[in-house]
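This report concerns only the one structure given below.
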Amino acid sequence: MSENSEFRFGSATGVGSMPGGDARETAKTVTGSVEDFPFLAELPARGPGADMIGRTAGMLVELYARVEPSGWRIGDRPGRDTKRARSWLGEDLDALEEFTQGYEGPVKVQAVGPWTLAAALELKNGEVALSDPGACRDLAGSLVEGLRSHLDEVRRRIPGAQLVLQLDEPSLTAVLRGQVKSASGYRTHRAVDRQAVEATLRDVVGVHGEGPVVVHSCAPDVPFALLRRAGAAAVSFDFSLLTERDDDVIGEAVEGGTKLLAGVVPGTDGPLSDPAGSVMGVRTLWRRLGLHPGLLAEAVTVTPSCGLAGASPAYARQALAHCVRAARSLADNPE
């Protein structure tokens with residue numbers, strides 16, 4: 001991703017989901033709180049189709065999904081669940097467009113990545129798409145086409161935006177380890193070959209040739225090296241789940257130009273420490289890795305630890321504002 005090395009991420013942003021169901025109010029909060037890196041929020045409290053799986057299923061081309069008691073299932077034709085997902089996405093885009101008039105700078109949009117989608121969407125037989133390599137290929141191909149048209153739409157609505165695509169892959173580690181449960185719950189699906197995982201991710205990352213792609217996972221053991229090889233310009237993760245085992249791969253990633261979206265602010269209501277305290281762990285990691293302090297503010301974007309859908313609206317606003325203050329603290333006092 002050498003063309004993205006000059007791309008400047010904002011200092012702080014959100015992960016994706018926000019509480020409540022009011023698109024305009026949310027867009028106003030997002031653009032007012034993380035002014036230098038707004039994002040297209042998801043509002044899962046509205047119900048099926050506004051959740052991250054449903055929203056991305058609504059973007060697919062020539063593949064449709066509907067809600068069954070067990071979850072989202074691929075069907076033959078678009079039904080009301082697909083229409084609802086698309087309608088809510090349109091509403092969210094309208095709201096973001098309204099509050100980004102004249103804005104020029106990075107804007108982040110999120111979609112579920114191919115492997116988490118394959119681990120969540122069911123086939124007609126009730127097993128997830130992950131159980132069938134052919135279904136995984138079809139799903140990834142459909143996702144590429146859907147993302148291409150979604151990115152075009154956002155560019156049209158926000159002409160000054162430097163688009164950042166985030167692929168949400170919380171199930172990626174489980175896919176690689178063979179920990180995704182079968183429909184019966186009594187067994188798990190076989191681990192997918194790492195090279196196949198990487199190749200599919202590379203295809204999907206390639207849809208955004210003009211800009212950087214972030215891969216997000218708030219699960220433990222994020223496969224940093226695999227994501228970098230697949231072309232991710234940045235990795236977004238829950239900082240509290242890192243262990244010293246991750247030091248080497250993170251050091252290599254930063255030295256190779258990979259940006260880190262470090263989730264350091266709790267995603268649910270609770271007391272917030274002072275901004276400098278929130279990023280103390282990031283400074284400590286930097287010292288441990290022997291990285292240059294001057295790189296810190298450039299390499300790290302501060303985020304909540306995961307989406308904010310489970311927070312109260314007041315806390316979500318506070319958390320985003322706190323991310324901005326914590327990022328400022330990193331920039332002002334990198335050591």
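Model, not experiment: these values are computed from the prediction. Computed over heavy atoms, backbone and side chain alike; hydrogens, waters and symmetry mates excluded.
Formation of a donor-acceptor pair under 3.5 Å by the S278 side chain with backbone atoms of V264 is not found in this model. Side-chain N or O atoms of Q166 include one that pairs as donor or acceptor with a backbone N or O of V15 at under 3.5 Å. The main-chain N or O of A183 is found under 3.5 Å from a side-chain atom of E127 such that the two form a donor-acceptor pair. Looking at S17, its side chain does come within 3.5 Å of a backbone N or O of L308 through a donor-acceptor pair. Within the 3.5 Å criterion, the main-chain N or O of H292 finds a donor-acceptor partner in the side chain of W286. With K108 contributing its side chain and G14 its backbone, the two residues share a donor-acceptor pair below 3.5 Å. With hydrogens and angles ignored, the 3.5 Å screen pairs no side-chain donor or acceptor of D152 with any backbone N or O of H150. Side-chain atoms of W72 do not come within 3.5 Å of backbone N or O of A120 as any donor-acceptor pair. A distance-only check finds no donor-acceptor pair linking the side chain of S171 to the backbone of L117 [under 3.5 Å]. Looking only at distances, a side-chain donor or acceptor of T56 sits under 3.5 Å from a matching main-chain atom of V112.
Within the 4.5 Å cutoff, the side chain of L260 has no heavy atoms near those of the T301 side chain. Between C306 and D238, the closest side-chain pair of non-hydrogen atoms is not below 4.5 Å. In this structure, V34 and V324 have side chains that are in contact, with non-hydrogen atoms separated by less than 4.5 Å. Here the side chains of Q110 and H216 are not in contact, with every heavy-atom distance at 4.5 Å or above. Looking only at side-chain heavy atoms (C-beta outward), D168 and T116 stay at 4.5 Å or farther from each other. No side-chain heavy atom of R229 sits less than 4.5 Å from a side-chain heavy atom of L201. R194 is listed as a side-chain neighbour of P223, based on a closest heavy-atom distance under 4.5 Å. Considering only heavy atoms from C-beta on, P304 comes within 4.5 Å of L320 through its side chain.
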What's the verdict on side-chain contact (heavy atoms from CB on, under 4.5 Å) for E145 and E62, showing C-alpha distance, side-chain angles and the deciding distance? CA-CA 9 Å; E145 293 308 312; E62 293 180 4; over 6 Å; no

Intermediate values then yes/no, salt bridge (Lys or Arg N to Asp or Glu O under 4.0 Å), D81 and R73: CA-CA 11 Å; D81 297 321; R73 182 169 294 186; over 6 Å; no

Taking it one step at a time, do V235 and V215 satisfy side-chain contact (heavy atoms from CB on, under 4.5 Å)? CA-CA 5 Å; V235 182; V215 179; 5.5 Å; no

For the pair K259 and E298, evaluate side-chain contact (heavy atoms from CB on, under 4.5 Å) and give the outcome as yes or no after the intermediate values. CA-CA 8 Å; K259 308 285 187 194; E298 197 183 304; 4.2 Å; yes

Could you walk me through whether R245 and D221 pass the salt bridge (Lys or Arg N to Asp or Glu O under 4.0 Å) test, one step at a time? CA-CA 9 Å; R245 282 204 316 270; D221 297 321; 3.0 Å; yes

With side-chain contact (heavy atoms from CB on, under 4.5 Å) as the test, would you mind laying out the steps for T31 and Y103 before giving the verdict? CA-CA 10 Å; T31 52; Y103 171 79; over 6 Å; no

Where do R157 and D94 land on the salt bridge (Lys or Arg N to Asp or Glu O under 4.0 Å) test, with the steps shown first? CA-CA 8 Å; R157 288 168 174 262; D94 289 345; 2.8 Å; yes

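Ionic pairing of D76 and K124 is present here: one or more N-O contacts between side-chain nitrogen and carboxylate oxygen are shorter than 4.0 angstrom.
Linking ILVMFWY residues whenever their side-chain heavy atoms come closer than 4.5 Å, directly or via other members, places I53 and V67 in the same cluster.
When each of V128, L130, D132 is paired with L123, the side chain to side chain contact (heavy atoms under 4.5 Å, CB included) condition holds for D132 and for no other.
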